Amino acid sequence: MNEEIRQQKMQNIAELRELGIEPYPYRFSKTHSSAKIKEEYDYLEASETKEDAILSTAGRVVALRHHGKSAFFVLKDDSGRIQAYIRKDSVGDENFKLFKKHISLGDFVGIEGFPFRTHTGEMSIYVQKFEILSKAIRMLPEKWHGLKDKEIIYRQRYVEMLSNDEALERFKKRFELLRLTREFLNQRGFMEVETPILHSVTGGASARPFITHINVFDVDMYMRIAEELYLKRYLVGGFERIYEIGKNFRNEGISYKHHPEFTMMEVYQAYADYEDMMELTEALISSVVEKLTGGTVIEYQGKEIDFSRPWRKVKMRDFIKERLGVDILEDSDEALLQVLESHDNIPEIKERGHLIEKLWDLVEDELVAPTFVLEHPVIISPLAKKHRNDPRVTERFELVINGMECANAFSELNDPVEQYKRFLHQAGLRDAGDAEAHMMDMDFVRALEYGMPPTGGLGIGIDRILMFITDSPNIRDIIPFPLVRPVSFTEEELATEQASEKKEE
RNA sequence: GACCCGCUAGCUCAGCAGGCAGAGCACUUGACUUUUAAUCAAGGGGCCGAGGGUUCGAAUCCCUCGCGGGUCACCA
């Protein structure tokens, strides 16, 4: 970074200490957020003051305009921005000199004063006292264009948050979504539970896991790829309505819709089936979308997406047959492969399940509005119950929005013998080189042998839903601290080291 | 993993027929007591991502590497 500016900042801090002013003090009594001030004194007319309403607020200085014997500055806090006005005759000569010399863009400042509205109508605080709360050494990104460098945005998200107001709002929406989801489920009588993240056998999804090592047992373990199998153990144990919101880890590629570490919400309801889960999905997602965007029709990357209920339902078999002319239940492997070849989309593993998944991928993009895709074949659904009317398919659905899979649910398979057979088939695929096939989980089979009630289960990809709500083109935009390739910090260390030596002097 | 694009001041970006490294904001100094992308005057600031090559001369052309972005492939 700019060494000259850094030196100036360090010099500035040293001077403050000489004046007996601590640049990093301990606390400040903040009575009002910026938003609260604007709300509470909204009635003030232009040029009107409210001198008897002494209040205090604090935030980061994000704009500063000196005018000789007065100055305007803007404090940013987590509710917004508020302008402050300071003048020589309001704080005294000494304090004003201190302000001019030692308050810079980027610093945290606490102020006390009263609200007023300027001639031009801007709600402001007339500063009577101010206090340095934390000095910044680094310079803020440009005020007008904001921060645009994707590398800084992803690697130093805090810089994006502090400089681009939109970023703070985007992440507030993320946590608001989590809050609303919990509220919705709690209201329906679901209890939030937790399951392990370190698994000796991991399952519940088709994915490559991360491998880690536990020293006390001296064995490798997996980071979970799904919460599913442990949540169902709760059902065996006697819980009836549970959910978990947590991180899953999949050691696979990164794309605009894939991130190795992502947030999944899974819900399980005893005595329910996939139809009930469909109702739950529709109700939950349309409710949070409406609360967070203010409507049921959203604009996503210039495209209109309508979340109004009820959502469209298509059977996987029918949709593929309609678009590609091939029947995934009746036609031979060769016939399926032929269609894939004609679309230049040949899977590495030529097993029937993979062929079906590949065929689906070809048509999935056509679904823009939220659509339930129903009745996946048994072969690609090792944890779902067979359909009550057709043993070739399962009672399962996936929710597709704008070509992206956002939820997955089924009437949970609870027949232990059947589950064992399904695992065996998957184990066969693993042996044949499919690294994403499910692992045999004998403890889970044993759990089912004790009896699990008929259960509806549902998983929702929280990040993807959030992409639509915030109109974000890339999943990394709504993951606060996305995975980045590690880099060295030699330059940063050197600069800080020099500063620390200077401080010792 | 393959292909394409990018990397120049703290930030946003020019400069790429090869010829002294630029602007705006930010920073420093000064003026200014209702500004809001404040204004005015003066000034400082660069390993042009790294390394190698071509050339009298490279930010600019070529090669290798690093980091990032996008598209495709695998995956939710």
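Chain letters run A, B, ... following the sequence lines, proteins first and then strands; every chain starts at 1. What you see is a predicted model; the values in this text were computed from it and never measured.
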Looking for any heavy atom pair under 4.0 Å, which part of the strands does [X] touch: base, sugar-phosphate only, or nothing?
X      : result
A:G459 : nothing
A:L140 : nothing
A:H354 : nothing
A:N345 : sugar-phosphate
A:N474 : sugar-phosphate
A:S104 : nothing
A:R87  : base
A:R208 : nothing

5'-most by nearest nucleotide on RNA chain B - A:Q8 or A:E364: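 In this pair, the answer is A:Q8.
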
Residue mapping more 5' on RNA chain B - nearest nucleotide basis, A:E261 or A:V484: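 It is A:V484, whose closest nucleotide lies nearer the 5' terminus.
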
Using the [atom1] atoms only, state how far [M] lies from [N], rounded to an integer number of Å.
N      : M      : atom1 : result
B:rG70 : B:rA17 : C1'   : 30 Å
B:rG18 : B:rA58 : C1'   : 6 Å
B:rC72 : B:rA21 : P     : 42 Å
B:rC47 : B:rA9  : C1'   : 13 Å
B:rC4  : B:rC25 : C1'   : 32 Å
B:rC11 : B:rC16 : P     : 23 Å
B:rC13 : B:rC7  : P     : 11 Å

Write down the partner of [N] under the Watson-Crick or G-U wobble criteria, each distance required to be under 3.5 Å.
N      : result
B:rU71 : B:rA2
B:rG66 : B:rC7
B:rA59 : none
B:rU39 : B:rA31
B:rG45 : none
B:rA17 : none

Quick one: which of A:R396, A:K385, A:K232 gives a salt bridge (Lys or Arg N to Asp or Glu O under 4.0 Å) with A:E412?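 Of A:R396, A:K385, A:K232, salt bridge (Lys or Arg N to Asp or Glu O under 4.0 Å) with A:E412 is met by A:K232 alone.
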
Got a salt bridge between [X] and [Y], using NZ or NE/NH1/NH2 to carboxylate O under 4.0 Å?
X      : Y      : value
A:D165 : A:R170 : no
A:K69  : A:D89  : no
A:K36  : A:E39  : no

Nearest-Å distance for atom pair [atom1]/[atom2], residues [X] and [N]:
X      : N      : atom1 : atom2 : answer
A:F116 : B:rU35 : CZ    : C1'   : 10 Å
A:E151 : B:rU12 : CD    : P     : 11 Å
A:H66  : B:rU39 : NE2   : P     : 14 Å
A:Y154 : B:rG68 : OH    : P     : 12 Å
A:I5   : B:rC27 : CD1   : C1'   : 5 Å
A:W144 : B:rC25 : CH2   : C1'   : 12 Å
A:L147 : B:rU12 : CG    : C1'   : 10 Å
A:N12  : B:rU29 : CG    : C1'   : 15 Å

Does [N] have OP1 or OP2 under 4.0 Å away from a side-chain N or O of [X]?
X      : N      : value
A:R485 : B:rC67 : yes
A:K143 : B:rA38 : yes
A:R6   : B:rG10 : no
A:R65  : B:rU39 : no

What do you reckon, do A:H67 and the base of B:rC32 stack, with centroid distance below 5.5 Å and planes below 30°?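 The ring of A:H67 is not stacked on B:rC32.
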
Starting the side chain at C-beta, find the nucleotide from [options] nearest to [X].
X      : options                : answer
A:Y85  : B:rC27, B:rU35, B:rU34 : B:rU34
A:D149 : B:rU12, B:rU35, B:rC32 : B:rU12
A:E122 : B:rU35, B:rC32, B:rA26 : B:rU35
A:R155 : B:rG68, B:rG24, B:rA26 : B:rG68

Considering all heavy atoms of both residues, which atom of A:L147 and which atom of A:V159 are nearest to each other, and what is their separation?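 Smallest interatomic distance, heavy atoms only, reads CD2-CG1, 3.7 Å.
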
Nearest heavy-atom neighbours spanning A:S381 and A:H376: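 Nearest heavy atoms, A:S381 then A:H376: OG-CB, 3.4 Å.
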
Syn or anti conformation of B:rA41, syn meaning chi within 90° of 0: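 Base orientation relative to the sugar is anti.
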
Are any of the side-chain heavy atoms of A:L98 and A:L16 separated by less than 4.5 Å?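 With C-beta onward as the side chain, the pair touches.
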
Any donor-acceptor pair under 3.5 Å between the side chain of A:Q83 and the base of B:rU35?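 Indeed there is one.
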
I'd like to know if A:D89 reaches the base of B:rU33 with its side chain such that a donor and an acceptor end up less than 3.5 angstrom apart.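 Per atom types, the contact qualifies.
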
May I ask you to decide if the ring planes of A:F72 and A:H67 are parallel, tilted or perpendicular, using 30° and 60° as cut-offs?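 A:F72 and A:H67: perpendicular rings.
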
Criterion side-chain hydrogen bond (donor to acceptor under 3.5 Å, both in side chains) against A:D463, the qualifying member of A:H259, A:R174, A:K257: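 Only match with A:D463 under side-chain hydrogen bond (donor to acceptor under 3.5 Å, both in side chains): A:R174.
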
